[in-house]
Amino acid sequence: MPNFTDITGLTGVASAGAAGLLLIPGIERLSRLRLVLLLGMVFVLLLIQFGELPMAAYLRGVTGDLSITTLALIGCALSRSGIPHNCNDSNYCLALLKLVVLVALPLYPLSLGLTAFDPYRLGFGDPLLISVLLLLAFAAWILKHHLIASCISLAILAWASGWYESGNLWDYLLDPWVSIYGLSVLALHGMKSVLQFVKSYQMR
Amino acid sequence: MLISGKFATRHTVVFVVLLLAAASASYKISNRPSVAIFQMPAAAKQSGSDLPVLQASFVSRTQNIHTHAASLVELGDGRIRAFWFAGSREGAPDVEIRSAVFDPSSNRWGAEQSIINREDTQRSLLRYVKKLGNPVAHRATDGTLWLFYVTVSLGGWAGSSITAITSADDGSSWSFSRRLITSPFLNISTLVKGTPFNYGDGSFGLPVYHEFVGKFGELLRISQQGTIIDKFRLSSGNTSLQPVVLVKNPQNAIALLRDAGATPKRVIATETDDAGQHWSVPIKTALRNPDAAVTGVTLSDGNILLVLNDTEQGRAVLSLVISSDGGVTWKTVYQLEDQQGPSTDTERYVQIAAELAKATDTGITDPAGHARSAQRNKCDGQGCGFEFSYPYLIQAHNGDFHLVYTWNRSFIKHIRFNRGWLDRQLERRADAQLH
C-alpha cells in the first residue's frame with residue numbers, strides 16, 4: 001500500500017506527463033472532449049504498473065516531486081486546453097515566473113554550497129520566511145495577482161499538511177523545472193521586446 | 001457584470017486560502033521542536049578484565065565481490081551490528097546492503113545477511129533507483145534502529161539522495177524505505193558516512209555531505225519520527241566532505257572532514273559552542289589526509305580518539321591517533337595498517353595479501369581466496385595497491401572499542417580493543433611526536 005506522499009508525488013508527475021501532450025504540434029485541433037479523454041488516458045497509463053514500477057515512478061526518480069507552482073501552471077494549461085506557452089500572453093503568469101526566477105537564481109547556487117549561508121535551511125519552518133511569504137501573498141492579493149497569491153498560499157498549506165515527503169517549504173514553492181521554464185519564458189519575452197524596440201526604432 | 005461577479009468570487013476564495021495558509025503555518029511553527037543541546041554519550045562501564053585486548057577478524061566473508069563502506073551500531077543487548085554494501089562492483093545494480101552481528105561474549109561474527117537491495121528500495125520508494133551505497137546506522141533513544149543509506153536515481157554518486165529504513169527489533173525485520181529530502185535541486189547530492197549522535201530531546205544528528213558542484217559538509221537534525229527538524233552547514237565550497245561530529249560537552253563539538261581540496265592535504269576542522277547552531281570557519285588541522293574518510297569517538301576523559309589514513313597519498317596506511325586538547329594537537333597511538341607503495345609484482349601482492357588475511361583472522365580457511373579478491377579489486381594494468389579505508393569507530397557501553405574498515409575493497413575488517421590496550425599504547429608512545 002503506497003504512502004499518501006507517494007500518491008501525491010506520483011499523481012503530480014503523471015499530471016505533468018499528461019500535460020506534456022499539449023506540446024505536440026496540432027493537438028489543439030482535437031475537440032475538447034477528445035483532448036480530455038486523451039489526457040486522461042495518458043494520466044492513467046502513467047500510473048499503471050509496467051514491470052517493477054509505474055512509468056510515473058521512473059519519471060519521479062528523475063524529476064522528484066513537483067512544486068505546487070509547477071502543478072498550478074500545469075493546471076492552468078490543462079484547464080485552458082491550450083498550450084502551456086499561454087504564459088507568454090498573461091501578465092499575471094509572467095509576474096509569477098519573474099518571482100520564481102528572482103528566488104531561484106540565488107536559492108540554487110547558495111543551497112549547493114556557494115557560501116556558508118544556506119537559504120534552504122529557512123524552509124524547515126523559519127518564522128521569518130513564512131511571514132515574508134504570507135505578506136507577499138497578501139500584497140499579491142491586494143494587487144489582484146491571484147495566481148501568485150494562490151501559489152504561495154497553496155504551497156504553505158501543502159507544506160503544513162505534509163502533502164509531500166519533503167518537510168521543506170522551498171520544495172513546495174518551486175522546483176528546478178519551473179525555474180528553467182520561467183527563465184526560458186522570460187528570456188524569450190526579453191528577446192521579443194528587444195526585437196520590437198529595434199523594429200519600432202527603424203520605423204521612425 | 002458576470003465577469004466582475006466571477007472575479008469577486010475568485011478574490012474571496014483566494015483570500016480564504018490565504019487565511020487558511022496563515023493559520024496552518026502558525027500551527028506548524030508553534031509545534032516546531034525548539035533548539036536542543038547535544039547528549040553526551042553514556043559513560044562507558046568497564047566490564048571484564050583490564051588486561052589489554054586487541055583482536056582482529058573479518059566481518060564479511062564473501063569472496064570475489066566488491067565490499068565497502070561499513071558502519072557499526074551497538075544493539076540493546078550489547079551485541080554489535082555492522083552494515084556495509086557489497087556487489088559485483090561499486091555502483092552495480094546488484095549492490096545490496098549487508099549486515100552481520102558480533103557477539104562480544106563469543107567474540108564471533110554471525111553470518112552475513114542481505115538487508116535491502118535496489119529493487120526493494122525502488123518498489124518501496126515508488127521511484128526508479130539505479131544504485132545503492134554507504135549505509136550508516138543509528139540506535140535512537142527510543143530503541144528504534146535507523147539505517148540510512150545512499151541511493152542514486154540519476155548519474156553518479158553526485159546524484160545521491162539519502163534513504164532510511166527502521167527496525168523495532170534491532171535489525172531482525174525492517175520497515176519500508178523512505179526518502180529524506182535534503183536539497184532543493186531535485187534532492188540530489190546528499191550522502192552519509194559519519195556517525196550519528198543524539199540530542200538531549202531524543203532527536204538525533206546525522207552528519208551528511210554534498211558532492212555535486214560543491215563538496216561540503218552538513219548536519220541534519222532528525223526527529224524520532226524521522227522528520228528533518230533543521231539543517232546546519234559545516235563547511236562550504238568545494239573542498240571538504242564526510243564530516244564526523246565529535247561531541248565534547250552539551251554545547252561544544254568538533255566536526256572533522258575529509259580534505260578534497262588543494263595540497264597540503266589535511267583533515268579539516270570546524271567547531272561549535274552553541275550545540276550546532278553555528279559552526280566556526282573550517283581550518284586545516286595538522287593531520288594529514290589523502291582525501292579519505294576519518295572516524296573517531298570522544299572518550300569519557302575528554303580525549304578524542306581518531307582513526308584515519310595518516311598520509312597525503314593513497315590509503316595504504318591506517319593510524320589510530322589521540323588528542324588530549326580537544327583536537328588541537330594529535331599523537332599517533334598505533335599503526336593499524338602500513339603497506340605503502342604500489343606493487344607491479346602481482347604475485348608478490350597476492351602473497352602479501354594472503355599473509356595479511358591470515359594474520360587478521362586465523363579462522364579463515366582460504367586466505368589465498370581473500371588475496372585473489374584483493375587482486376580482483378585492487379590490481380589493474382598499472383599494478384596493485386593496498387587499501388584500508390572508510391574507517392568507522394564506536395565505543396560500546398562496556399567500554400570496548402570496535403573499529404571496522406574496508407580491506408582492499410574486498411572485505412570488512414573488524415578490530416576490537418579495550419581501554420587497557422589503549423592505555424598501554426599511550427604509555428609506550430608517551431614520547432611520540434605531536435602532529
Side-chain angles (χ1 to χ4, degrees), chain A residues 2-3 5-7 9-10 52-54 56-65 107-109 111-121 123-127 130 133-134 137-138 140-141 144 146 149-150 152-157 159-161 164-171 174-176, chain B residues 7 10-11 13-29 31-32 119 122-130 153-154 161 176 178-189 210 212-216 218 221 227-233 235-238 279 281-282:
Chain A
N3 288 325
T5 52
D6 288 326
I7 295 168
L10 285 174
E52 283 189 7
L53 295 169
Y58 286 99
L59 288 173
R60 191 182 177 214
V62 177
T63 63
D65 292 339
L107 175 72
Y108 291 117
S111 298
L112 291 172
L114 188 66
T115 69
F117 173 65
D118 178 15
Y120 191 63
R121 184 189 172 195
F124 289 110
D126 184 84
I130 292 162
L133 286 169
L134 286 170
F138 186 66
W141 179 77
K144 300 181 176 62
H146 289 158
S150 304
I152 295 174
S153 305
L154 288 171
I156 293 175
L157 258 180
W159 166 74
S161 60
Y164 284 144
E165 275 171 340
S166 175
N168 193 296
L169 180 53
W170 288 118
D171 295 319
L174 74 167
D175 55 51
Chain B
F7 181 84
R10 193 196 300 164
H11 202 56
V13 169
V14 173
F15 187 65
V16 170
V17 174
L18 179 53
L19 286 180
L20 282 172
S24 59
S26 305
Y27 178 76
K28 181 131 178 166
I29 291 172
N31 285 295
R32 192 183 182 212
E119 288 87 354
Q122 69 174 10
R123 265 195 297 273
S124 203
L125 290 177
L126 275 170
R127 350 169 127 74
Y128 171 66
V129 172
K130 188 176 148 193
S153 294
L154 189 65
S161 302
F176 288 113
R178 56 192 291 189
R179 176 62 57 92
L180 294 190
I181 310 292
T182 55
S183 159
F185 194 78
L186 306 175
N187 193 37
I188 62 169
S189 192
H210 287 243
F212 171 68
V213 187
K215 285 183 178 172
F216 56 96
E218 290 190 326
R221 184 175 158 219
T227 310
I228 299 174
I229 300 170
D230 211 339
K231 180 163 160 297
F232 310 97
R233 189 156 286 177
S235 60
S236 59
N238 196 24
W279 292 82
V281 176

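A note on names: the letters A, B, ... follow the listed sequences, proteins ahead of strands, and every chain is numbered from 1. Quick caveat, the model's predicted, so the values are computed rather than measured. Below, each value reflects all heavy atoms present in this structure, side chains not excepted, and no hydrogens, waters or symmetry copies.
Considering CG of A/Asp118 and CZ of B/Phe216, their distance stands at 7.0 Å, rounded to 0.5 Å. Taken from OG1 in B/Thr227 to CZ in A/Phe124, the straight-line distance is 10.5 Å, to the nearest 0.5 Å. Between the CG atom of A/Leu10 and the CZ atom of B/Arg127 there is a distance of 8.5 Å, given to the nearest 0.5 Å.
With a threshold of 4.5 angstrom between heavy atoms, B/Arg32 approaches chain A through side-chain atoms but not through N, CA, C or O. For a residue to count as touching a neighbouring chain, one of its non-hydrogen atoms must lie under 4.5 Å from one of that chain's; by this rule A/Phe117 touches chain B with the backbone only. Contact of B/Ser161 with chain A is not made at all, since no heavy-atom distance falls under 4.5 Å. Using a 4.5 Å cut-off between heavy atoms, B/Ile229 touches chain A through its backbone atoms (N, CA, C, O) alone. Of the two parts of A/Pro109, neither the backbone nor the side chain holds a non-hydrogen atom closer than 4.5 Å to a non-hydrogen atom of chain B. With a 4.5 angstrom heavy-atom cutoff, B/Arg123 touches chain A via backbone and side-chain atoms both. In this structure, chain B has no heavy atom under 4.5 Å from any part of A/Asn3. Heavy-atom distances place the backbone of B/Ser124, and not its side chain, under 4.5 Å from chain A. Looking at A/Thr63, only its backbone comes within 4.5 Å of chain B, counting heavy atoms on both sides. The part of A/Thr115 that comes within reach of chain B is its backbone (N, CA, C, O), which places non-hydrogen atoms under 4.5 angstrom from that chain.
Taking the six-membered ring where the residue is Trp, A/His146 and B/His11 present tilted rings, their angle falling between 30° and 60°.
Proximity of A/Glu52 to B/Glu119: side-chain heavy atoms (C-beta onward) are separated by under 4.5 Å at one or more points. In this structure the side chain of B/Pro184 reaches within 4.5 angstrom of the side chain of A/Asp171, judged on heavy atoms. Here the side chains of B/Phe212 and A/Leu112 are in contact, with some heavy-atom distance below 4.5 Å.
Interface check for chain A: of the options B/Arg178, B/His210, B/Lys215, B/Arg10, the most heavy-atom pairs under 4.5 Å are formed by B/Arg10. Contact count against chain A (heavy-atom pairs under 4.5 Å) is highest for B/Leu125 among B/Val281, B/Leu125, B/Leu180, B/Ile188. Most heavy-atom pairs under 4.5 Å with chain B: of the set A/Ser150, A/Ala160, A/Ala56, A/Pro2, this distinction falls to A/Ala160. Put simply, of A/Tyr120, A/Tyr58, A/Tyr108, the one with the most heavy-atom pairs under 4.5 Å next to chain B is A/Tyr120.
In terms of heavy-atom proximity, B/Ser236 sits nearest to A/Gly113 at CB-O, 3.6 Å. The minimum heavy-atom distance between A/Phe138 and B/Leu18, with the atom names listed, is CA-CD2, 3.7 Å.
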Side chains of residues 19-29 of chain B: which donor-acceptor partners sit under 3.5 Å, not counting sequence neighbours?
| from | atom 1 | to | atom 2 | distance (Å) |
| --- | --- | --- | --- | --- |
| B/Ser24 | OG | B/Leu20 | O | 3.1 |
| B/Ser24 | OG | B/Ala21 | O | 3.0 |
| B/Ser26 | OG | B/Ala22 | O | 2.7 |
| B/Lys28 | NZ | A/Trp159 | O | 3.3 |

